Each structure stands twice: as C-alpha cells, then as structure tokens.
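Only one structure is covered here, and it is reproduced in the block below.
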Amino acid sequence: MSELQQAAQLGIALSYYDIEGRLIQAKEETLQYFTALFQPPPDGKNKSTKQFHDVFVMNAQERAIYEFQRLALSPPVCEYQLFDEQNKLCGEQTLSDPKSLSLPPLEAGYYLLKLKCNDAEYRIRLLVQPSTAYQPPLLERKKAWGLNVQLYSLRSTRNWGIGDFADLRNLIKSAVKFGADFIGINPLHLVYPAVPEWASPYSSSSRRWLNCIYLDIESLPEYTLSKLAKKWRVEHNEQIEQLRKAELVDYATVNQLKQSALALLFDFFNRSKSAQIAARRTEFNVFVENQGEALLYQGLFNVLDSIEHVDLPENENQIGWLGWRKEWQHLTSKKRKALLKEHQKQVYFYAWQQWLAEQQLAETESLCLTEGMQLGIYGDLAVNSSRGSSDVWSDQKLYCINASVGAPPDPLGPVGQNWNLPPYNPNQLKRRGFQPVIDMLRANMRHFGVLRIDHVMGLFRLWLIPEGKTAADGVYVHYPFNELMAILAIESQRNQCLIIGEDLGTVPDEVRSKLKEFQILSYFVVYFSNQNGEFPQGKDFPVNAFATIGTHDVPSLAGFWHCRDLALFAQLDVLKDDLLKAKYDQRLTDKQALLDRLRLDGYLPADYQGDALNMAMHDNLNLVIHRYLAESASQLVGVQLENLLNQEVSFNLPGTSTEYPNWRKKLTVNLDDIFNDERIIALLKTINYARSQPKS
C-alpha cells in the first residue's frame, strides 16, 4: 500500500478546498507525520481484554447485517453472543461457514457482540442509534426563548466577586416570570485551580468535571452548621465586598478565598458528628465509588499542579502538567497509586468539591422544573481540553499530544489558527468503543436541557497541525462521524437534552445532511447573516435553528453598533491600516443593511431616515432588533443579557491573550436591579409576546 493510500485509509485528507474554492494539496511532510502518528500499536502491545475490534452502527428497531469481512474473517464455524449494557445475554448462536450475521431489532443504546472464531474472541461494540436526537415536546407547541449569560459576569449583592450557582438560581426565578424557557451559560468545564487566571472556559483542564469556583458556599449545609466558617466569613467581609464592586473578576483572589473557606468546611465535614453531615459523608462515599478512578485522577492532578505552579506560567506551553517535573508528567500505574496514597486527603478535598458542584447543579436543574422553566439550563461544550489539562495527563494515549487543532489559512487569517488543543486519536477512540466520548457527553448532558456543541464540524473533521509547525502546515483529518453522531443521539435521548450544533462557516454537505437527519439545531447568528448586502427577513431565518444576535466571541449589540471592538483591536495593534479600514467599512455596511431590513419589514417607519454612520444605539432600536429576532421563524431564540442592558462589552477578544481581560468583564448592573428596571421589563415582555407573533 502506498503512503498516499495509507493516509487516505486513516482518514487523512490528501487535499481540501479553501474558503475561495481553490483546491489545496496537503503537504507530503504533513501526510507522512500523521500517517505515522495514527498507526495502531504493534501486535502484542497495549492489548486489553476490554478493547474492541470493531464498532458498528445500526438503527434502533431495525434488523442489520454485520459482515465478517469487516474483521477480515472467513471462519468455518463461529459462535456469537449478544449482551446489553447490564451484561444480560440477549442472544447466542453457532453459525457454520458464516459470511455475515443478522442482528435482531434492538432498543437504542450500547451492546456488546462477542464472536468466537478460529480459537480467538472478537469484541464488537454496537451503537444502536435512535432516529433523531431528543426533541422537546415544548417545541411542538411553540417557539422557545431564553436568556444567555456569561455566569462569571453576574453581579449581585451576595456573591463573592463572581457569578455563582446561587446567582444562576436567582436569574432562573426572575427570568421565568417573563416566559423564558431556558438560561444559557458559558461552559462549566474545570479550569486550573492552581492557575485560576488561566480562565478561558474554552481551554479547560477537563470537559468532564466542573469548575468549582461557581460554588455557592454560603448555602452549603457545612457552612450553615459551622461557627468557625461564619466567623471566617465576617473576617473577610470587606475583602469580598471589594471583589463584588470590581469591574473585572479577580480569579486569583476569588479562588483563594473560596478554597480557604472550603478547606475549613471540608475539615468540618470530616469531623462533624451531626446526623445531617454523617449522612452527607455516606452520600459522598457513594459518589466517589460511582465515579471511580477518573474522579481521583482529576483530584491528584490538581494537587500536583498546585505544588508545581505557584505563579501564572509565562505561556500556554507551561500550563498544567506541561510545566511539571519530568517524573510526574508520565506516571506508571504503581507511581500513580503511590501519589494517590501520599496525597489522599487533598485528592479527596478536590473530589468533595466536585460532589458539591454536582449537587448544586442538580439542585439548579430541579429548580427549573419546579419554577416551570421547561428547557432548563442551556450548557456549552468546548471543542476539547487544553494540552496541559487533567484530561490529557490522565489518559495520554487517548490524545495526539504532538498535534493541535486549529483552522487553515483564509483571507481573514492568512496564517491560519492554532488553538493548542490536542485532538483525540481516532484509532484509540475506536479501540475503546468511544467510551471516553460517551462519559464526557453524559457528564455534560446530565443536568442540562439544552447543550450547544462548539464547532460541531469537529465530529466530522478537524484541521490538525503537527507539533512545532504553523497552521499552514496542517491537514484535515476525518473522524468517525457516523459513530460520534450515533453516540450524540443516544445520549441526547437518554438525558432528554436538546442539541445545538455550532455550524458557523463553511459546512460540508455530509455534515449538513447528518445534522438535519438527527434534527440537531443549527446555530444562526444575526451578525453573520448579511448576504449580498441584505439581512434576511425574519420568516427566512432557518426554522430548525437557535437564533441569536451575537456570540461570546463578538461584541455586545451596543459594542458592535459603536465599533468598540474595532477600536480595541486598533489600540492593541491586532488590526491596523487597510485591514482595519476594511473592517470599519464592512461594519458600516452591516449596520446600514440591518436598518434597511428593519424599515422594509415595518419595524421602523417607512419614512425613517436612519443613517448608520451617524446613529447611536438607542432604546427603541435595541427593542426593534430584538423583535426582529424574536418574531423570526427559528424554533429557539437566545437573548443576551448584556444586550438588554445596552452594555458595551466584549467578553472575549479573539486574537488576544493577556493584552485584554478576556473572560473577566462583568455586567454593569446587579442581578436584582435588572428585573426591577422598567425599560428592561418592557423589553422582556415584548420579546415574550413577539416570539408567538411571527411576521407575515
């Protein structure tokens, strides 16, 4: 087999079409790099009785034929056994001279098919997929809407300088009174407790575990019962008050305070003779047992990271385990067990925090149901964990550590993008029957009614960059799309979680077709919908979509309108000269086109003489833009809380790192005051009414 054939067989694209439609050939050096990287281990190495020889997708309640040629088998006799997830035998038979196996109709889920042929046993995981992902009954009756917010940005009179789960609960109670069906939040992925200023929720330490900085400490039973904790709280009152007033989230100080308080409470938790706390200790032990080694490994990671990282690393190549002493970077099973024993108390401290976060998130989900918020919490799933993460350190064979996910060069980014996120090794995923993906999706859907999949095209293909190379040296690698989509649909149905696929940009037809087949909602952003100088009529918005004005990577409506992001880019030298001028010109064109659409559709008077060059954002313009969004054809509508406030803010400025306070900006108004503002109340009522009144 030639090198090119090998590469193609491994899913490595030999060429691709760029954004301008030109055919670009992959570099030979890059093809060789990834062909070598994706080779399976030699026979006899890394074998496990739990690994799978094949993964097979079939439709629920339909017969399917499994061809033996998939395993290159042609045995004279073969025995098969079929087991469900509870290891219950569902069927068995001995076949003579078999070429294939007829599989019976099965319920959606995961099954194990064992084949015994030629004195060898083969394990095949069956992914029995439902016909669609979960579709909430609510969407059959009406269009739904909700508020989207960066949780850390919430101000309140009671938090400790960062929005937390208590603020989220209060937001739910307030928003549901105006008809909101969900509250959308940023990813809750675990970041780096040892380096809290490394705060991007899209470059996390783990996508499976939760960010415990969002814990509402004062509602914990341990806090309620501990006199020492209350005394500690009084002593830190002034410091907490200053953190509340600050314009930016001070992650380092907030994290230090919360960890200090939690350490006091954990000590109380372990020694208290209260019946309530004793019962909670039993619950925690059950949680630890159920979560298994993975929970303890994230705890051990945090312990070791806190030892190795006292200060913020100079660059992302030192974050997490990448900056540790060599002996801790790659642990043997024996050494890992020894470290778990040595640091047992601290490991369990971090495991306890995960239990607390899981509890508070579950309580928040329950509140949604009791308050009548039918879709509940809208969560967000990042593309992958960062290179120095707990996820990668604890399971290094699962990832291609010597590669990174990014984006190819295009006119707006001539050098391309390198996100420094190591991709999954597709061969390892298959050998494990995709169990790591199942566990990760299940953890993210468990308490959410809606889940947005960031860069959903990553399930189909990723632009991968060799270590030490630029994005221009990358290549597209195709992932097991059918298998990953089957798992997404299974978990969506099991967790009754509506799925949104972030599909911005050029999307291959295969992806569009599969998303449509499984009824995955598209992601429609008003800012990006200007085509040929015109914004679409509301009736032409995609129906099977989540529609919103902007995203976390673009400025708020007021910031967009007043070009504050472009001014920041200029100030930081991210944009300059002709490119900066082109951005300003395009912004003016977009604003004028939006005004024209609003006038043509009757949201503004026919004789309205709005001039985008000289017009500032004002209350009525804000209102009619939200009516345009709410009355559109899209099934799901997201309203950004900062836009209701008319706040000029960019939560994240792409292309910047430490030059700009990304993921730190707060809202300008306290949570309680937002829902006492007559202008905002009127706007919320208008949105709630408008979503049920589509324009003709």
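Here the structure is a predicted model, which means the values were calculated and not measured.
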Query raised in the report: Can you tell me how far CH2 of Trp321 sits from OG of Ser390, rounded to the nearest 0.5 angstrom?
Result: 11.5 Å
Query raised in the report: Is there a donor in the side chain of Gln329 and an acceptor in the side chain of Gln396, or the other way round, less than 3.5 Å apart?
Result: no
Query raised in the report: Do Thr35 and Gln39 have side-chain N/O donor and acceptor atoms under 3.5 Å apart?
Result: no
Query - Atom of Ile520, atom of Gly501 and distance for their closest heavy-atom approach - result: CG2-N, 3.5 Å
Query raised in the report: Can you tell me how far the CD atom of Gln346 sits from the CZ atom of Phe266, to the nearest 0.5 Å?
Result: 8.0 Å
**Report entry** Heavy-atom side-chain proximity of Phe518 to Ile499 below 4.5 angstrom
**Finding:** no
Requested in this report: Decide yes or no on salt bridge (Lys or Arg N to Asp or Glu O under 4.0 Å) for Arg432 and Asp395, but give the supporting numbers first.
Outcome: CA-CA 12 Å; Arg432 300 193 197 182; Asp395 197 354; 2.6 Å; yes
**Report entry** side chain to side chain donor-acceptor pair (under 3.5 Å) assessment of Thr364 paired with Gln360
**Finding:** CA-CA 6 Å; Thr364 306; Gln360 291 200 345; over 6 Å; no
Query raised in the report: So, Arg208 and Gln298: side-chain donor and acceptor under 3.5 Å apart, yes or no?
Result: no
Report task. Check whether the side chains of Thr656 and Asn662 place a donor and an acceptor atom closer than 3.5 Å, and report yes or no. Result -> yes
Requested in this report: Kindly determine whether Tyr16 and Trp463 satisfy ring-ring contact (aromatic ring centres under 6.0 Å, His included), including the steps that lead there.
Outcome: CA-CA 11 Å; Tyr16 74 100; Trp463 183 258; 5.0 Å; yes
Requested in this report: Classify the angle between the aromatic ring planes of Trp355 and Phe284 as parallel (below 30°), tilted (30 to 60°) or perpendicular (above 60°).
Outcome: tilted
Requested in this report: Kindly indicate whether the side chain of His478, heavy atoms from C-beta on, has any atom under 4.5 Å from the side chain of Ile12.
Outcome: no
Query raised in the report: Between the main-chain N or O of Gln256 and the side-chain N or O of Ser260, is there a donor-acceptor pair closer than 3.5 Å?
Result: yes
Requested in this report: Decide yes or no on salt bridge (Lys or Arg N to Asp or Glu O under 4.0 Å) for Arg664 and Glu247, but give the supporting numbers first.
Outcome: CA-CA 8 Å; Arg664 289 162 175 77; Glu247 178 187 352; over 6 Å; no
Requested in this report: For residues Ala13 and Ala26, report the shortest heavy-atom separation together with the two atoms involved.
Outcome: O-CB, 3.8 Å
Report task. Verify the ring-centre separation between Trp663 and Tyr251: is it less than 6.0 angstrom? Result -> no
Report task. Mind listing the closest non-hydrogen atom pair of Ala403 and Leu37 along with its distance? Result -> CB-CD2, 4.3 Å
**Report entry** Ser204 side chain to Val191 backbone, donor-acceptor under 3.5 Å
**Finding:** no
Requested in this report: Considering only NZ, NE, NH1 and NH2 on the basic side and carboxylate oxygens on the acidic side, decide whether Arg336 and Glu293 come within less than 4.0 Å.
Outcome: no
Report summary line: To the nearest 0.5 Å, atom CG of Asp439 lies from atom CD of Glu491 at 8.5 Å
Report summary line: On a heavy-atom basis, the closest approach of Val405 and Pro423 is CG2-CB, 3.8 Å
Requested in this report: Check the side chains of Asp164 and Asn159 for a donor-acceptor pair under 3.5 angstrom, ignoring hydrogens and angles.
Outcome: no
Query raised in the report: Looking only at atom types and distance, does a side-chain atom of Ser306 sit under 3.5 Å from a main-chain N or O of Val303, one as donor and one as acceptor?
Result: yes
Query raised in the report: If you look at every heavy atom in Leu296 and Leu340, which pair is closest and at what distance?
Result: O-CD2, 3.8 Å
Query raised in the report: Does the gap between the ring centers of Tyr214 and Tyr152 come in under 6.0 Å?
Result: no
Requested in this report: Start with the C-alpha gap between Gln150 and Glu642, add the side-chain angles, then the distance that decides, and say whether side chain to side chain donor-acceptor pair (under 3.5 Å) holds.
Outcome: CA-CA 9 Å; Gln150 300 292 308; Glu642 63 270 19; over 6 Å; no
Requested in this report: Taking the six-membered ring for Trp and the full ring for Phe, Tyr or His, determine whether the centres of His552 and Tyr202 are under 6.0 Å apart.
Outcome: yes
Query raised in the report: In this structure, are over 12 heavy atoms from other groups packed under 6.0 Å from Glu29 atom CD?
Result: no
Query raised in the report: Looking at CG of Leu257 and OG1 of Thr253, how far apart are the two atoms once the value is rounded to the nearest 0.5 Å?
Result: 7.0 Å
Query raised in the report: For Tyr110 and Arg442, which heavy atoms make the closest approach, and how far apart are they?
Result: CE1-NH2, 3.6 Å
Query raised in the report: Do Leu210 and Leu190 come within less than 4.5 Å of each other through their side chains, counting heavy atoms only?
Result: no
**Report entry** Separation of Leu248 CG from Lys666 NZ (nearest 0.5 Å)
**Finding:** 8.0 Å
Query - Side-chain touch Leu151/Leu188, heavy atoms, less than 4.5 angstrom - result: yes
Query raised in the report: Taking only residues at least two apart or on different chains, which pairs with a member in residues 414-452 satisfy ring-ring contact (aromatic ring centres under 6.0 Å, His included)?
Result: Tyr399-Tyr424, Trp419-His455
Requested in this report: State, without any angle test, whether Asp553 and Asn652 hold a side-chain donor-acceptor pair at a distance under 3.5 Å.
Outcome: yes
Query - Flag side-chain contact, heavy atom, 4.5 Å: Val288 against Trp352 - result: no
Query raised in the report: Taking everything shown except Glu289 itself, do over 12 heavy atoms lie less than 6.0 Å from its CD?
Result: no
Query raised in the report: Do Val574 and Tyr660 come within less than 4.5 Å of each other through their side chains, counting heavy atoms only?
Result: no
Requested in this report: Let me see the working for Asp54 and Arg123 under salt bridge (Lys or Arg N to Asp or Glu O under 4.0 Å), right down to the final yes or no.
Outcome: CA-CA 7 Å; Asp54 195 12; Arg123 291 164 49 88; over 6 Å; no
Report summary line: Here the gap from Arg452 atom CZ to Thr548 atom OG1, rounded to the nearest 0.5 Å, amounts to 10.0 Å
Query - Sub-6.0 Å ring centroid separation between His189 and Trp209 - result: no
Query raised in the report: Going by distance alone, is a donor N or O of one side chain under 3.5 Å from an acceptor N or O of the other, for Ser650 and Asp565?
Result: no
**Report entry** Check: Phe481 and Val511 side chains under 4.5 Å, non-hydrogen atoms
**Finding:** yes
Query raised in the report: Do other residues, nucleotides or ligands put more than 12 heavy atoms under 6.0 Å from Glu28 CD?
Result: no
Query raised in the report: Any side-chain donor paired with an acceptor under 3.5 Å for Ser386 and Tyr192?
Result: yes
Report task. Compute whether any side-chain donor of one residue and acceptor of the other, for Lys469 and Asn418, lie under 3.5 angstrom apart. Result -> no
Report summary line: Of Gln354, Gln359, Glu358, the one forming a side chain to side chain contact (heavy atoms under 4.5 Å, CB included) with Leu356 is Gln359
Query raised in the report: Between the main-chain N or O of Gly550 and the side-chain N or O of Gln640, is there a donor-acceptor pair closer than 3.5 Å?
Result: yes
Query raised in the report: Counting only N and O atoms by type, is there a donor-acceptor contact under 3.5 Å from the side chain of Thr30 to the main-chain atoms of Asp473?
Result: yes
Query raised in the report: Are Ile500 and Leu451 side-chain neighbours, meaning at least one heavy-atom pair lies under 4.5 Å?
Result: no
Query raised in the report: Is a side-chain donor or acceptor of Ser404 paired with a backbone partner of Asn420 at a separation under 3.5 angstrom?
Result: yes
Query raised in the report: With sequence neighbours left out, what residues match Trp324 under side chain to side chain donor-acceptor pair (under 3.5 Å)?
Result: Asp305
Query raised in the report: So Phe546 and Tyr378, ring-ring contact (aromatic ring centres under 6.0 Å, His included) or not? Walk me through it.
Result: CA-CA 11 Å; Phe546 169 82; Tyr378 161 135; 5.2 Å; yes
Query raised in the report: Any donor-acceptor pair under 3.5 Å linking the side chain of Arg461 with the backbone of Tyr479?
Result: no
